[in-house]
Amino acid sequence: MARAKRTDRAEARRRYRASIGDPLPDDQLDPDDEAAADGPIDARSAAPRAARSASASPSTASPAPARPSIGTAFRTSFRPVDLRGDIRALPQLVTHWSFFVPVILSGLAVALIPLVGLNAMTSAFFQYFSFTAPLGTSFLAGFFAPRASYLVGMLAALASVGFQALAYSAGPFGGLFDSFKDANGDPMTAAAAKELVLSQALLLGVPSAALFAAAAAWYRRFLNRASPARQRRNPPPGRRPDGRVAKKNERRPMLARRR
């Protein structure tokens, strides 16, 4: 009876060690354990080991993605236009931060000149995010838009035109139009200069913003395809590099303790 109890305890210890993947040291084995270790392996203790080896093999055997050539990344970065799908996704696009953040920057660029005055900083900010060709607005909208970057850039440019029309109708615009001259070299009136800027922003700025936003979206896809490491996701916390989850420290069951 005593030998049967020792055998049951040894079997319980082997099962526990096999379940946590920690083999029992040789100096802690009982004579019964050593005799059992020389015999056939229990199917119940071998099943967890086979499952762990099968789960670990895909992560260790899968090779790293090959880096494509520059020409392949250049060609595959182009995407056909899905006009119907883009129009259906328009309600979600105008609520995305890639649209309203450039719009906010455009409105701020227009408002700073009447509020702060015309200087080097406000003039550069106004030219990049508003004026006749808002390149900064269209680049941000196109680079970070989830899809339909050309539509997002076009709408952001239209918002810039609306901000300018509202600010020009309110009164003088910080002396920005004092240096405007016509084709003959004569100084232009403020009303004529404002009309000229608005017409150029509407007829030239909006189409160029759509093209520039589409180019920014293509550049983002090109960077992702040219560098496969940018597409790799970091493993979740608590997971080993081989994909296995680290086990927490747990107390040994009563049957696995040595008597």
Side-chain angles (χ1 to χ4, degrees), residues 74 77-78 86 90 93-224 226-227 230:
F74 182 88
S77 298
F78 290 96
D86 295 339
L90 196 57
L93 294 175
V94 296
T95 57
H96 195 261
W97 69 269
S98 61
F99 171 72
F100 59 79
V101 168
V103 169
I104 292 174
L105 291 176
S106 179
L108 183 62
V110 174
L112 280 178
I113 292 182
L115 294 178
V116 180
L118 186 64
N119 52 47
M121 185 185 69
T122 57
S123 177
F125 192 53
F126 177 71
Q127 290 180 3
Y128 277 106
F129 289 94
S130 189
F131 204 46
T132 56
L135 297 182
T137 300
S138 55
F139 178 80
L140 289 178
F143 192 85
F144 295 104
R147 63 173 297 172
S149 56
Y150 64 98
L151 280 180
V152 180
M154 185 183 301
L155 293 176
L158 285 174
S160 174
V161 174
F163 289 141
Q164 292 183 73
L166 183 62
Y168 296 163
S169 62
F173 196 66
L176 180 66
F177 303 107
D178 295 342
S179 60
F180 277 63
K181 296 182 179 180
D182 56 10
N184 298 326
D186 299 329
M188 297 180 62
T189 61
K194 293 176 182 179
E195 183 179 356
L196 176 63
V197 171
L198 286 178
S199 62
Q200 289 182 355
L202 186 61
L203 299 178
L204 299 178
V206 174
S208 63
L211 294 176
F212 196 75
W218 173 88
Y219 181 63
R220 181 193 61 188
R221 293 191 294 269
F222 173 76
L223 291 179
N224 291 334
S227 302
R230 295 169 59 93

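Source: prediction; values computed, not measured.
A distance-only check finds no donor-acceptor pair linking the side chain of Gln200 to the backbone of Gly205 [under 3.5 Å]. Ser199 places a side-chain N or O within 3.5 Å of a backbone atom of Leu196 that can act as its donor or acceptor partner. At least one donor-acceptor pair under 3.5 Å links the side chain of Ser208 to the backbone N or O of Leu204. Not one N or O on the side chain of Ser130 forms a donor-acceptor pair closer than 3.5 Å with the backbone of Phe126.
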- Report the C-alpha distance between Val110 and Phe173 in whole Å, list the side-chain angles of each, state the deciding distance to 0.1 Å, and finish with yes or no for side-chain contact (heavy atoms from CB on, under 4.5 Å). CA-CA 9 Å; Val110 174; Phe173 196 66; 4.1 Å; yes
- Residues Leu90, Leu155; criterion side-chain contact (heavy atoms from CB on, under 4.5 Å); working and verdict: CA-CA 10 Å; Leu90 196 57; Leu155 293 176; 3.8 Å; yes
- Under the side-chain contact (heavy atoms from CB on, under 4.5 Å) rule, what do Leu202 and Leu158 come out as? Steps first, then yes or no, please. CA-CA 7 Å; Leu202 186 61; Leu158 285 174; 3.9 Å; yes
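The distance from the CG atom of Leu112 to the CG atom of Leu118 is 11.5 Å, given to the nearest 0.5 Å. Atom-to-atom distance recorded for Leu176:CG and Lys194:NZ is 10.0 Å, nearest 0.5 angstrom. One distance of note links OG1 of Thr122 with CD of Gln127; it measures 10.0 Å at 0.5 Å rounding.
Counting non-hydrogen atoms of other residues, nucleotides and ligands closer than 6.0 Å to OH of Tyr219 gives a total of 12 or fewer.
Among all heavy-atom pairs drawn from Ser106 and Ser160, the shortest one is OG-CB, 3.1 Å. Taking every heavy atom of both residues into account, Leu166 and Ser169 meet most closely at O-OG, 2.9 Å. Across all non-hydrogen atoms, the minimal contact from Ala141 to Val152 is CB-CG1, 3.6 Å. Across all their heavy atoms, Leu198 and Ala165 have their closest contact at CD2-N, 3.8 Å. Residues Pro146 and Leu93 approach most closely at CG-CD2, 3.7 Å, considering heavy atoms. In this structure, Arg220 and Ala145 approach most closely via the heavy-atom pair NH1-O, 2.9 Å.
For Phe129, the side chain to side chain contact (heavy atoms under 4.5 Å, CB included) partners two or more places apart in sequence, or in a different chain, are Leu105, Ala109, Phe125, Thr137, Leu140. In this structure, Glu195 has no side chain to side chain contact (heavy atoms under 4.5 Å, CB included) partners at least two apart in sequence or on a different chain. For Ser77, the side chain to side chain contact (heavy atoms under 4.5 Å, CB included) partners at least two apart in sequence or on another chain are Trp218, Arg221, Phe222, Arg225. Taking the side chain to side chain contact (heavy atoms under 4.5 Å, CB included) definition, one finds that Ala210 meets it with Tyr150, Met154, sequence neighbours left out. Take Asp182 and apply the salt bridge (charged side-chain N to carboxylate O under 4.0 Å, His left out) test, not counting sequence neighbours, and it matches no residue.
Sequence neighbours left out, the pairs with a member in residues 179-205 that pass ring-ring contact (aromatic ring centres under 6.0 Å, His included) are Phe177-Phe180.
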